[in-house]
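Computed from a predicted structure; not experimentally measured.
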Amino acid sequence: MSDLDVTLPSAFDPFAEANAEDAGAGPGAKGYVHVRIQQRNGRKSLTTVQGLKKEYSYNKILKDLKKEFCCNGTVVQDPELGQVIQLQGDQRKNVATFLVQAGIAKKELIKIHGF
């Protein structure tokens, strides 16, 4: 074997798997519920929940979330993502536990994003 027959390892993209999972067929692909945080100005932030099933009443879920966490919120209609629940403050962990306890989503199908 000569020195020229050395094979280099192929390039590995660690994000290829994650991008392939997220490139599903639109909102709610594979049943995942995405809980994200968006930074507003200063210390203010929003928590967004998307990917819930269509048969759920978003307004009733929002009403229970607002009452449980003592915060304000709204349901926003997005052209790409469909209906999205927005809550004031960083409520990611609270929302995830609420969705599991209420039986709306399974723990393994909730993805929490953010810093």
Side-chain angles (χ1 to χ4, degrees):
M1 186 161 128
S2 69
D3 292 334
L4 298 175
D5 293 336
V6 176
T7 57
L8 296 174
S10 62
F12 174 70
D13 185 12
F15 297 108
E17 233 177 73
N19 291 338
E21 288 177 9
D22 292 340
K30 298 185 182 176
Y32 287 121
V33 176
H34 298 277
V35 181
R36 293 186 171 92
I37 188 169
Q38 293 179 348
Q39 193 66 35
R40 285 183 37 207
N41 49 1
R43 293 175 46 192
K44 309 288 184 182
S45 60
L46 284 175
T47 302
T48 60
V49 181
Q50 72 179 47
L52 295 174
K53 294 180 182 175
K54 301 289 184 194
E55 58 261 13
Y56 292 126
S57 172
Y58 281 70
N59 289 326
K60 288 184 180 179
I61 294 173
L62 175 66
K63 183 179 178 182
D64 291 340
L65 287 170
K66 286 167 51 173
K67 191 171 187 177
E68 182 77 21
F69 306 136
C70 300
C71 65
N72 202 0
T74 186
V75 177
V76 177
Q77 182 66 35
D78 189 79
E80 291 180 9
L81 306 173
Q83 288 187 325
V84 178
I85 296 176
Q86 289 184 343
L87 296 170
Q88 288 182 348
D90 186 3
Q91 307 289 343
R92 291 174 291 176
K93 292 181 182 176
N94 296 336
V95 168
T97 56
F98 177 85
L99 293 176
V100 171
Q101 288 177 350
I104 296 172
K106 295 180 182 175
K107 186 175 182 178
E108 56 271 3
L109 295 179
I110 297 176
K111 288 192 175 185
I112 299 177
H113 304 277
F115 40 82

Can you tell me how far the [atom1] atom of [X] sits from the [atom2] atom of [Y], to the nearest 0.5 Å?
{"X": "Leu52", "Y": "His34", "atom1": "CG", "atom2": "NE2", "result": "10.5 Å"}
{"X": "Phe98", "Y": "Asp64", "atom1": "CZ", "atom2": "CG", "result": "4.5 Å"}
{"X": "Gln86", "Y": "Asn72", "atom1": "CD", "atom2": "CG", "result": "11.0 Å"}
{"X": "Ile104", "Y": "Lys53", "atom1": "CD1", "atom2": "NZ", "result": "10.5 Å"}
{"X": "Leu65", "Y": "Cys70", "atom1": "CG", "atom2": "SG", "result": "12.0 Å"}
{"X": "Leu99", "Y": "Tyr56", "atom1": "CG", "atom2": "OH", "result": "9.5 Å"}

Should [X] and [Y] count as side-chain neighbours, where that means a heavy-atom distance under 4.5 Å?
{"X": "Leu87", "Y": "Thr48", "result": "no"}
{"X": "Val95", "Y": "Phe69", "result": "yes"}
{"X": "Ile37", "Y": "His113", "result": "no"}
{"X": "Val84", "Y": "Tyr58", "result": "no"}

If you take all heavy atoms of [X] and [Y], which pair is closest and at what distance?
{"X": "Gln88", "Y": "Leu46", "result": "CA-CD2, 4.3 Å"}
{"X": "Glu108", "Y": "Tyr32", "result": "O-CE2, 4.1 Å"}
{"X": "Arg92", "Y": "Val35", "result": "CA-CG1, 3.8 Å"}

**Request:** Look at the side-chain heavy atoms of Ile, Leu, Val, Met, Phe, Trp and Tyr, link any pair under 4.5 Å apart, and say whether Val76 and Leu62 land in one connected group.
**Result:**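 No: no chain of side-chain contacts under 4.5 Å links Val76 to Leu62.
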**Item:** Derivation and outcome, side chain to side chain contact (heavy atoms under 4.5 Å, CB included), residues Arg36 and Gln50
**Value:** CA-CA 9 Å; Arg36 293 186 171 92; Gln50 72 179 47; 3.3 Å; yes
**Prompt:** Counting only N and O atoms by type, is there a donor-acceptor contact under 3.5 Å from the side chain of Thr47 to the main-chain atoms of Gly89?
**Reply:**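 Side chain of Thr47 to backbone of Gly89, a donor-acceptor pair under 3.5 Å: yes, one is there.
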**Asked** Is there a donor-acceptor contact under 3.5 Å from the side chain of Ser45 to the main chain of Gln39?
**Response**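 No: the side chain of Ser45 does not pair with the backbone of Gln39.
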**Request:** Give the C-alpha distance, both sets of side-chain angles, the deciding distance and a yes or no for side chain to side chain contact (heavy atoms under 4.5 Å, CB included) between Leu109 and Val33.
**Result:** CA-CA 6 Å; Leu109 295 179; Val33 176; 5.7 Å; no
